[in-house]
> 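My structure is below; once you've seen it, I'll send some questions.
Here is the naming used below: chain letters follow the sequence lines, and residue numbers restart at 1 for every chain.
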Number of protein chains: 2
Amino acid sequence: MPNKRFKKFLSVKGFKFTKEREEIFSEIMLIEGHFDPDELFITMKTKGSKVSRASIYRTIPLLVDGGLIEKVEMTDRHAHYEKKPGKRHHDHMICSICGKVIEFYSPELEKLQESICRKEKFKALRHSLEIMGRCGDCG
Amino acid sequence: MPNKRFKKFLSVKGFKFTKEREEIFSEIMLIEGHFDPDELFITMKTKGSKVSRASIYRTIPLLVDGGLIEKVEMTDRHAHYEKKPGKRHHDHMICSICGKVIEFYSPELEKLQESICRKEKFKALRHSLEIMGRCGDCG
DNA sequence: CATTTAATTGAGATTTAGTCTCAGTTTAAA
DNA sequence: TTTAAACTGAGACTAAATCTCAATTAAATG
Ligand SMILES: [Mn+2]
Ligand SMILES: [Mn+2]
Ligand SMILES: [Zn+2]
Ligand SMILES: [Zn+2]
């Protein structure tokens, strides 16, 4: 389970493996698709969790650093994340009419980006590509 | 001057060409590189402008819609923009160590994106690609 | 197991980017 | 001109994210 990876990451970094962090982490692992910290907080609270909003906002960057989730930074005013393993990297098309999000992955595009970075002597760690426009349904 | 383009855009959309909008627009055109709305407000205020923060926040989306500026949405907590004409579209590599921003433009990459969108029946209007990592200087 | 200490927590205050309200003003078309 | 709709500024408001600090807890050490 990815639980092991999280535990490992924490100990390597000298952070503690607390029940709050575990709870937050495993709740996130249940989520299919995007989530935002506050909606996660509400969900957990509804389920009876005592974990605070502060702990959620503190744990999320740890998970990002540990490579377990990634920021997808939607068009909205607040940050969105999604878990990384289980779903390989992909980019987004976002319809500005209906809000639909089309996930896509193009190996050619990824390759091309890598070669561009190489040319600039830039060591890419992650990237975010969002294409805004109108989806097929919205003409 | 791009001023004409802005005026045209406003009249086509049925919006009014006010002195506030003109002032904001021409101030932006003076800026080389990125800016954020609040720093623009301070700059203008310092120069003696009476334009309100609200008008700045109201005018910026108009300029984006009109294709005169674009959101670059930096890693920060608030939005950044930059003027579009004079400088053709480009994407960004951002060094997470020193913060350096490398602007690049790859016609191949743009072409590839277009063809991917066509495949999804998605009509792309704009996009933002940010590659995070470490620049040459930062190893 | 008991001790110790630095990390972590929750509650709520604080910050701040961005939006909204509304009465008064301005634009531009007629 | 006149007129109607668009626009403005001041400041209230919203909400995402961060911070504060006293109390708690993980986990290393003996
Ligand atoms: Mn990609
Ligand atoms: Mn591009
Ligand atoms: Zn759509
Ligand atoms: Zn650097």
> Please find the pair of heavy atoms, one from Val72(B) and one from Glu130(B), that lie closest to each other, and give the distance.
O-OE2, 2.6 Å
> Taking all non-hydrogen atoms of both residues into account, name the closest pair between Pro37(B) and Ala79(B) and its distance.
CD-O, 3.6 Å
> Before accepting this row, confirm whether a basic side-chain N of the pair Lys83(B)/Glu32(B) lies closer than 4.0 Å to the acidic partner's carboxylate O.
yes
> Taking the six-membered ring for Trp, is the centroid-to-centroid distance between His92(A) and His80(A) below 6.0 Å?
no
> Could you tell me how the ring of Phe15(A) sits relative to the ring of Phe9(A): parallel (under 30°), tilted (30 to 60°) or perpendicular (over 60°)?
tilted
> Which whole-number value in Å describes the distance from Phe41(A) CZ to dT9(C) P?
14 Å
> Apply side chain to side chain donor-acceptor pair (under 3.5 Å) to the pair His89(A) and Glu70(A), showing each step before the final yes or no.
CA-CA 9 Å; His89(A) 163 78; Glu70(A) 72 182 329; 4.5 Å; no
> Return the value, rounded to whole Å, for the distance between atom CD of Glu23(A) and atom C1' of dT8(C).
15 Å
> Let me know the distance between CZ of Arg53(B) and P of dC13(D), rounded to the nearest Å.
17 Å
> Over its full length, what angle do the end axes of the helix from dC1(C)-dG30(D) to dA30(C)-dT1(D) make, each axis taken from five pairs and the result rounded to 10 degrees?
40°
> Would you name the heavy atoms of Ile94(A) and Phe122(B) that are closest together and state the gap between them?
O-CZ, 3.3 Å
> From CG of Asp36(A) over to P of dA15(D), roughly how many Å is that when rounded to an integer?
13 Å
> Expressed in angstrom and rounded to an integer, what is the separation of Ile24(A) atom CD1 from dT9(C) atom C1'?
10 Å
> Minimum heavy-atom separation for Tyr105(B) and Glu110(B), please, with both atom names.
CE1-CG, 3.7 Å
> Taking protein heavy atoms under 4.0 Å as touching, what does nucleotides 11-17 of chain C look like 5' to 3' if B marks base contact, S marks sugar-phosphate-only contact and - marks none?
B-----S
> Working note: Glu82(B) + His90(B), criterion side chain to side chain donor-acceptor pair (under 3.5 Å); need CA distance, chi angles, decisive distance, verdict.
CA-CA 11 Å; Glu82(B) 68 186 7; His90(B) 58 263; 2.8 Å; yes
> Verify side chain to side chain donor-acceptor pair (under 3.5 Å) between Glu23(B) and Ser49(B), making sure each step is shown before the conclusion.
CA-CA 8 Å; Glu23(B) 217 186 314; Ser49(B) 169; 2.6 Å; yes
> Within this structure, what is the CD1-to-P distance between Ile42(B) and dG18(C), rounded to whole angstrom?
13 Å
> Would you mind telling me which of Val51(A), Ile56(A), Thr59(A) makes a side-chain contact (heavy atoms from CB on, under 4.5 Å) with Arg21(A)?
Thr59(A)
> Rounded to whole angstroms, how far apart are CD1 on Ile60(A) and P on dT9(C)?
13 Å
> Whole-Å distance between dT8(C) C1' and Phe25(A) CZ?
19 Å
> Using a 4.0 Å cut-off on heavy atoms, which residues in residues 15-22 of chain A reach DNA chain D? List them by number, or say none.
Lys16(A), Phe17(A)
